[in-house]
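Quantities reported herein were computed from a predicted structural model and do not represent experimental measurements.
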2 protein chains.
Amino acid sequence: MTQSFDIAVIGATGTVGETLVQILEERDFPVGSLHLLASSESAGHSVPFRGKNLRVREVDEFDFSKVQLVFFAAGPAVTLSFASRATAAGCSLIDLSGALPADQAPQVVPEANAHVLVGMKKPFQVSSPSPSATTLAVVLAPLLGIIDLQRINLTASLAVSAQGREAVTELARQTAELLNVRPLEPSFFDRQMAFNLLAQVGKPDEQGHTLLEKRLVREVRQVMALPSLKISVTCIQAPVFFGDSYSVTLQACDEVDLAQVNAALEDAPGIELVEAGDYPTAVGDAVGQDVVYVGRVRRGIDDPSELNLWLTSDNVRKGAALNAVQVAELLIKDLS
Amino acid sequence: MTQSFDIAVIGATGTVGETLVQILEERDFPVGSLHLLASSESAGHSVPFRGKNLRVREVDEFDFSKVQLVFFAAGPAVTLSFASRATAAGCSLIDLSGALPADQAPQVVPEANAHVLVGMKKPFQVSSPSPSATTLAVVLAPLLGIIDLQRINLTASLAVSAQGREAVTELARQTAELLNVRPLEPSFFDRQMAFNLLAQVGKPDEQGHTLLEKRLVREVRQVMALPSLKISVTCIQAPVFFGDSYSVTLQACDEVDLAQVNAALEDAPGIELVEAGDYPTAVGDAVGQDVVYVGRVRRGIDDPSELNLWLTSDNVRKGAALNAVQVAELLIKDLS
Ligand SMILES: NC(=O)c1ccc[n+]([C@@H]2O[C@H](COP(=O)([O-])OP(=O)(O)OC[C@H]3O[C@@H](n4cnc5c(N)ncnc54)[C@H](OP(=O)(O)O)[C@@H]3O)[C@@H](O)[C@H]2O)c1
Ligand SMILES: NC(=O)c1ccc[n+]([C@@H]2O[C@H](COP(=O)([O-])OP(=O)(O)OC[C@H]3O[C@@H](n4cnc5c(N)ncnc54)[C@H](OP(=O)(O)O)[C@@H]3O)[C@@H](O)[C@H]2O)c1
């Protein structure tokens, strides 16, 4: 007899939430009853799960004592409003919004730091990091043992779906208007997103860093347990619907052994290394897949202590929903 | 009386060549007769210049002794075939193809190393660097005196027009097919370019570096007279028609003085610094403009010796045609 668990997904009608429900089904997660929650706006809608249409309900009225685990995928405000209600009812939670501090709900990427779950007290509270931190952590995990890492330099080109449904609709609309030579009236993005790159995602602070960039640095340091690792990061918005791409330079102290790097990436869980000479793309490879794609593995021009990589992953799936479900899979043996 | 010069443009029907002819007119370059040259394919076509339509002729039949200066904007093979014929006829040349070695035709970006033109022997032979090297040089020039530069890390997101007319047509065609939910058949690019990012431009060598990346490193080192400057570079192809964008990290030895950096960028020729908090884009700012736009000027998160910048410039104009004309403007006083 397999044990099953009663589960709630908050934000079940959203980009991440919908994928999360799909993944629970695909991976045959031992779900007993599934409660789909959202705002009053989509309460009453239905979402398919195991051949049935499940009704979406309002989170405000939900009784958390009905479930053992809840996924928070509805934004930081919703997490901050309901997390303590959930834990007070004895319910464990996995948060995808980044709202909870690391000492309350540590960031976990199973390929990199599953060990922090060992001995954790119930009800469990875990954060699933931003897609950028998740992707980077999956790839750093097999490399840390073989390169003496000094500094990471990263340009993350994010898909518009990183900003939810509205951003996806807006890129499609802008593109159609431009192709039909109609005047462009930006709405969700404050300027032309189609056939353009936006140099920042969200407002920068006084020092010029965006929240997303600071979050990435904080999360990578925490997940990799390297609190003073130097990371330079620029997150830009690309006119891509799904799938983030990363141009990464790892600066090591010593010469990088490429054969060792390739072997480690080849063997590591959660990674698909493409052939030398080839490279993966968001649309052609990563989207809909459960792994981070890695290509363009090379040392620096004239600098053998530099390792350059190109990464791409499905921001909604591998970067978010799947990572959260992988965490849940590790938790369930202690959940009941 | 102003002196005027007889000039030829090879590749006059191309992306760069057409813009070059426009710029000669816009800047009132002292052109006597203008000879527009291309392959047999477009011989007979005409291109407007100063209110007249000039006939394009085949380069094979051209008598170089008719002109004092020729711009080569038709690819490396054409430069290699005709450069020595031009100089044998006493004609000076500016090459935009990157085909000539630096000891024969040094790379020049007027804002950065105009001094190499001083005392050069006639007929002059000068190279206009790749758009990436040109853009970077314009921005490094005012900074080198105030930061102690150790290393550059750069992700260059190139517009498809970097690969000429066919690439521009292909991005438009792919986008239209996708929006109309028709099957995509990539031709110029070997995979989906619309709504995607391609991690390399051109074939990589055994070490994984593309020609464009190696050329950029070589050219920046030569123009800045820093032969052993460390540069890590990734050139990617973005679904953008015109305008290249650059995510740049300059690593210094000492703490970077941001006020000094901003003041230097503000005063420097060829640069438009956008307000703090804002950022420039290819489409919204750079395209059609004569300057490199600079934004997101910031130090590292926790690393004051790191300077991060976002640059964007019109690859065809500021990155190529305009730079070549600026070089010509410096040469003409000694040309006759
Ligand atoms: N998209 C990504 O790539 C990604 C990746 C990792 C993490 N995340 C994070 O995941 C969360 C959801 O992102 P998303 O992209 O899925 O956004 P989205 O597509 O805009 O969906 C938002 C979801 O949250 C629900 N919601 C909004 N306000 C609510 C409220 N007051 N009470 C209850 N439910 C509410 C929405 O329900 P209604 O239908 O009722 O409005 C919807 O189900 C965010 O915190 C985001 O930062 C996103
Ligand atoms: N596009 C950029 O952003 C950029 C920037 C800097 C430098 N460049 C360099 O500038 C050069 C031209 O690039 P482009 O983008 O302008 O290319 P393009 O749009 O494809 O135009 C190529 C031009 O070269 C001519 N041409 C081709 N083969 C020829 C031959 N055998 N003999 C004479 N003319 C010939 C073409 O004439 P037909 O009409 O007769 O074919 C056309 O005028 C290349 O070396 C490129 O690397 C380009």
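Here B:Lys318 does not pair with B:Glu272 in a salt bridge; the nearest charged N to carboxylate O distance is not below 4.0 Å.
Residue contact with chain B, scored on non-hydrogen atoms closer than 4.5 Å, involves the side chain of A:Ile236 exclusively. Both the backbone and the side chain of A:Asn196 come within less than 4.5 Å of a heavy atom in chain B. Contact annotation for B:Leu179: only side-chain heavy atoms (C-beta onward) come within less than 4.5 Å of a heavy atom of chain A. For A:Leu258, no part sits under 4.5 Å from any heavy atom of chain B, backbone or side chain. Using a 4.5 Å cut-off between heavy atoms, B:Ser245 touches chain A through its side chain atoms alone. Residue B:Ala276 does not touch chain A at all, counting heavy-atom pairs closer than 4.5 Å. For A:Glu206, no part sits under 4.5 Å from any heavy atom of chain B, backbone or side chain. Interface remark: A:Gln200 contributes backbone and side-chain atoms alike to the contact with chain B (heavy atom separation under 4.5 Å). For a residue to count as touching a neighbouring chain, one of its non-hydrogen atoms must lie under 4.5 Å from one of that chain's; by this rule A:Pro239 touches chain B with backbone and side chain alike. For A:Arg151, the part lying near chain B is the side chain, with the backbone staying farther off; criterion is any non-hydrogen pair under 4.5 Å. For a residue to count as touching a neighbouring chain, one of its non-hydrogen atoms must lie under 4.5 Å from one of that chain's; by this rule A:Thr210 touches chain B with backbone and side chain alike. Both the backbone and the side chain of A:Ser232 come within less than 4.5 Å of a heavy atom in chain B. In this structure, chain A has no heavy atom under 4.5 Å from any part of B:Ser228.
A cation-pi contact, defined as under 6.0 Å to the ring centre and within 45° of the axis, links B:Arg191 to A:Tyr279.
Here the side chain of B:Asp205 pairs a donor or acceptor atom with the backbone of B:Gln207 at under 3.5 angstrom. Looking at B:Gln174, its side chain does come within 3.5 Å of a backbone N or O of B:Ala194 through a donor-acceptor pair. Not a single donor-acceptor pair under 3.5 Å links the side chain of B:Glu170 to the backbone N or O of B:Pro186. Although no hydrogens or angles enter the test, the distance criterion places no donor-acceptor pair under 3.5 Å between the side chain of B:Arg317 and the main chain of B:Val287. In this structure, the side chain of A:Asp244 does not engage the main chain of A:Ser313 through any donor-acceptor pair within 3.5 Å.
The shortest distance between side-chain heavy atoms of B:Thr19 and B:Asp314 does not fall below 4.5 Å.
Counting only N and O atoms by type, the side chains of A:Asn315 and A:Ser161 include a donor and acceptor under 3.5 Å apart. For the residue pair A:Gln251 / A:Ser305, a side-chain donor-acceptor distance below 3.5 Å is found, with atom types taken as modelled.
With chain A as partner, the option from B:Leu198, B:Val233, B:Thr234, B:Val283 having the largest number of non-hydrogen pairs under 4.5 angstrom is B:Val283. The candidate with the highest count of non-hydrogen atom pairs below 4.5 Å against chain A, out of B:Arg299, B:Glu213, B:Lys203, B:Lys230, is B:Glu213. The candidate with the highest count of non-hydrogen atom pairs below 4.5 Å against chain A, out of B:Thr175, B:Leu197, B:Ile301, is B:Ile301. Ranked by heavy-atom pairs under 4.5 Å with chain A, the list B:Gly277, B:Ala238, B:Ala159, B:Pro280 is led by B:Gly277.
Proximity to chain A among residues 214-222 of chain B is limited to B:Lys214, B:Val217, B:Arg221, judged by heavy-atom separations below 4.5 angstrom.
Separating the OG1 atom in B:Thr281 from the OH atom in B:Tyr293 is a distance of 10.0 Å, to the nearest 0.5 Å. Here CD of B:Glu166 is found 10.0 Å from OG1 of B:Thr15. Values are rounded to the nearest 0.5 Å.
Evaluated for a side-chain hydrogen bond (donor to acceptor under 3.5 Å, both in side chains) with B:Asn153, the options A:Thr155, A:Asn308, A:Thr249 yield exactly one hit, A:Thr249.
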For B:Leu149 and B:Met224, run side chain to side chain contact (heavy atoms under 4.5 Å, CB included): C-alpha distance rounded to whole Å, both residues' side-chain angles, the deciding distance at 0.1 Å, then the answer.
CA-CA 11 Å; B:Leu149 187 63; B:Met224 305 317 295; over 6 Å; no
